[in-house]
Amino acid sequence: MKYQESIEKRRTFGIIAHPDAGKTTLTEKLLLFGGAIQTAGAVKNNKIKKAATSDFMEIEKQRGISVATSVMAFEYGGKQVNILDTPGHKDFAEDTYRTLTAVDSVILVIDCANGVETQTEKLMEVCRMRNTPVIIFVNKMDRDGKDAFTLLDELEDKLDIKVRPLTWPIGMGDYFKGVYNIYDENLNLFQANKTKISKEIVSISDLNDPTIDELIGDKPAAELREDLEMIDGVYDAFDKEKYLSGEVAPVFFGSAVNNFGIQELLDTFIRISPSPRGRDTDLRMVEPSDDKFSGFVFKIHANLDPKHRDRIAFLRIVSGRFERNTFYNHVRLGKKFKFPNPTSFMAQDKSVIDEAFPGDVIGLYDTGNFKIGDTLNEGEKFTFKGIPSFSPEIFQELENLDPMKSKQLEKGIRQLTDEGVAQMFVQQPGNRKIVGTVGQLQFEVIAHRLEHEYGASCRFVPRNYHLACWITTNNDEQLKKFLNAKTGNMAKDKDDNWVFLAETPFLLTMAEQDYPDLTFHRTSEFKLD
Ligand code: G4P
């Protein structure tokens, strides 16, 4: 197959959702419809939300499972669909944010009863940062939820994006009759069925066709006609370009657990979603069609067996053809590396590959050379932008409980932060180590791994910080004043950037007012601007 065709056929995306909205179920159902698995239930839940926080076996299992199911690929409608999995547990949200740097589009799952939830908003903010095209799937229509028009308004208000329904629900809960496919003008009648794919699709060329009344009843048919008229009046016609530029999100309705509305979603996804896109670097935009290979690391996973230190670095290929056993530049280290066993992840199978193309994600065995955000390429040496750190939400000080093991602790925490398990800020002055995460669970993972993988023991002492802001300025004098005034709140991140640790949002606002020449950033993305 020609190189260009190999690129255009790929669709690399992620599924995101507030926990419990149905991400795992939808992922599984897409694999089922895509023929990658034969029966529902074959993909194990990649989440530990029901586990007690101290259940380390579950944490270990989670780590294992998420390697196995990190990328799920299948062929459908002539396209190669790559689903990049994101952790279901909210404490691993930062992992999800980073995975979003490696996708070309996303499907956002919403629970029709809960509408937009906290995690939905945060995840969408990350998508908006890079104008990632978004398709919204409103799930659980077999249950009573919010009225569809109310939901659409809520999506627009809270997610700061325009929406355009492409299917429309007929009733909901016990009265859910099916969805009308606005895009293809047909009616899909609902049958609650968790194991079989619904096939009752009736083509409708004229909305006044009495068949609709016969199939769903007079009242629902009248309502459907009224709703569709309203949709045409209120919403602009679907514009694919606006979807691709992240301005409009097409909306689908269905019930993942009942296999309902998935076919419409998948078929439309294949038709409208983007093929692999280029990425910006410190030198120039790199397009998938560039013939030299390039890619970046967005996730690092420790080996399941703690006795083996090697890790798997997940690389998203941006341009060119990646080949096994070929030397490539590791730009940050200024060294060349080759990879004898690059791995692809097809559903649950891992296999060694000889080549990979833009849009693909491959696993590289790593003995500690990679950090999240690293660029690997051939030829000209550039670095990909935009694999940021986000402000953590919980801060605790790392205390060494065994002075004889401080070297091990030092090495362990450095490697764990390279993996992106947490961020570390070193307080200045004082050199205290402040570890920041988005969830309590990470502290337990870190303590457990430091002990079992590095033989170091530690404890965490809560610190009263609320958020971390990276500082930039052209006014060194003002920065100096700020550093003097804020001892106790200042730290350096892993790349030696100044970070302000603020106890409250009010203190940050005050700092912004009092030091107008300092800019405070909520993510570290500014670094490469
Ligand atoms: P998540 O990955 O986003 O956290 O959600 P997940 O798919 O695990 O779904 C959360 C719960 O919602 C599950 O129930 C799942 O069965 C249910 N669910 C998913 N889609 C639908 C749907 O279309 N309709 C209804 N009524 N429920 C749906 P659970 O009780 O937590 O787990 P399980 O024992 O059913 O697996």
Side-chain angles (χ1 to χ4, degrees), residues 13-33 37 39-53 58 61-62 65-66 68-70 72 83-93 95-97 99-100 106-124 127 134-146 148 151 167-179 188-198 251-266 438-439 441:
F13 76 106
I15 303 179
I16 53 176
H18 186 89
D20 260 351
K23 182 180 77 73
T24 312
T25 313
L26 179 64
T27 307
E28 183 175 280
K29 296 307 163 88
L30 288 175
L31 294 177
L32 193 65
F33 276 75
I37 54 172
T39 48
V43 176
K44 285 282 160 279
N45 274 3
N46 176 16
K47 58 185 178 182
I48 46 172
K49 61 183 180 185
K50 283 164 200 144
T53 50
E58 277 304 319
K61 241 185 340 197
Q62 150 87 17
I65 291 164
S66 72
T69 60
S70 274
M72 290 160 281
I83 308 180
L84 268 54
D85 197 21
T86 53
H89 198 291
K90 80 165 179 28
D91 284 9
F92 292 95
D95 216 19
T96 303
Y97 301 157
T99 299
L100 292 181
V106 303
I107 294 181
L108 170 66
V109 187
I110 304 277
D111 178 326
C112 71
N114 298 339
V116 173
E117 299 175 80
T118 44
Q119 202 54 27
T120 326
E121 286 186 73
K122 284 193 197 162
L123 290 162
M124 266 303 279
C127 293
V134 178
I135 292 179
I136 298 174
F137 181 72
V138 179
N139 191 26
K140 307 198 185 180
M141 291 304 296
D142 58 317
R143 284 209 188 142
D144 283 330
K146 298 183 184 178
L151 265 172
T167 65
W168 193 250
I170 304 162
M172 65 165 59
D174 290 345
Y175 301 99
F176 183 49
K177 307 251 181 223
V179 292
N188 188 355
L189 299 176
F190 176 66
Q191 301 156 317
N193 198 328
K194 296 192 174 148
T195 48
K196 262 183 35 216
I197 293 170
S198 161
V251 182
F252 292 81
F253 294 84
S255 167
V257 81
N258 289 298
N259 298 315
F260 196 80
I262 316 275
Q263 187 89 54
E264 289 81 357
L265 176 70
L266 186 56
V438 289
L441 194 51

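Model, not experiment: these values are computed from the prediction. Hydrogens, waters and symmetry mates are skipped; everything else that's a heavy atom, side chains included, is used. Order of appearance sets the numbers: ligands from 1, and atoms from 1 within every ligand.
Contact of the Leu266 side chain with the Lys29 side chain is not registered, since no non-hydrogen atoms from C-beta on lie closer than 4.5 Å. Side-chain atoms of Thr118 and Thr120, non-hydrogen and from C-beta on, never get closer than 4.5 Å to each other. Looking at Val106 and Leu123, their side chains never come closer than 4.5 Å, going by heavy atoms from C-beta outward.
Nearest residue to atom 10 (C) of ligand 1 from Ile16, Asn258, Asp20, Leu26 is Asp20 (criterion: closest heavy atom). For the residues Val138, Val109, Thr25, the heavy atom positioned nearest atom 15 (C) of ligand 1 is part of Thr25. Proximity annotation for atom 27 (N) of ligand 1: of Met141, Lys29, Lys140, Lys140 comes nearest, heavy atoms only.
Residue-ligand proximity, Lys23 to ligand 1, at heavy-atom distances under 4.0 Å covers atoms 1 (P), 2 (O), 3 (O), 5 (O), 7 (O). Close contacts between ligand 1 and Ser255 involve ligand atoms 22 (C), 23 (O), 24 (N) [criterion: under 4.0 Å to a heavy atom].
Where the criterion is an N or O separation shorter than 3.5 Å, residue side chain and backbone included, Pro19 fails it with respect to ligand 1. Not a single N or O atom of Gly254, backbone or side chain, sits closer than 3.5 Å to an N or O atom of ligand 1.
By the criterion of a heavy-atom distance under 4.0 Å, the side chain of Asn139, and not its backbone, is placed next to ligand 1. Counting heavy atoms under 4.0 Å from ligand 1, residue Asp142 touches it through the side chain alone. Residue Arg143 touches ligand 1 through its side chain alone, judged by heavy-atom distances below 4.0 Å.
Remark: the backbone N or O of Phe253 is paired with a side-chain donor or acceptor of Thr167 at under 3.5 angstrom. Formation of a donor-acceptor pair under 3.5 Å by the Asn139 side chain with backbone atoms of Ala21 is found in this model.
Rounding to the nearest 0.5 Å places NE2 of His18 at 13.0 Å from NZ of Lys23.
Ring to ring, Phe260 and Phe176 are close: their centroids are under 6.0 angstrom apart.
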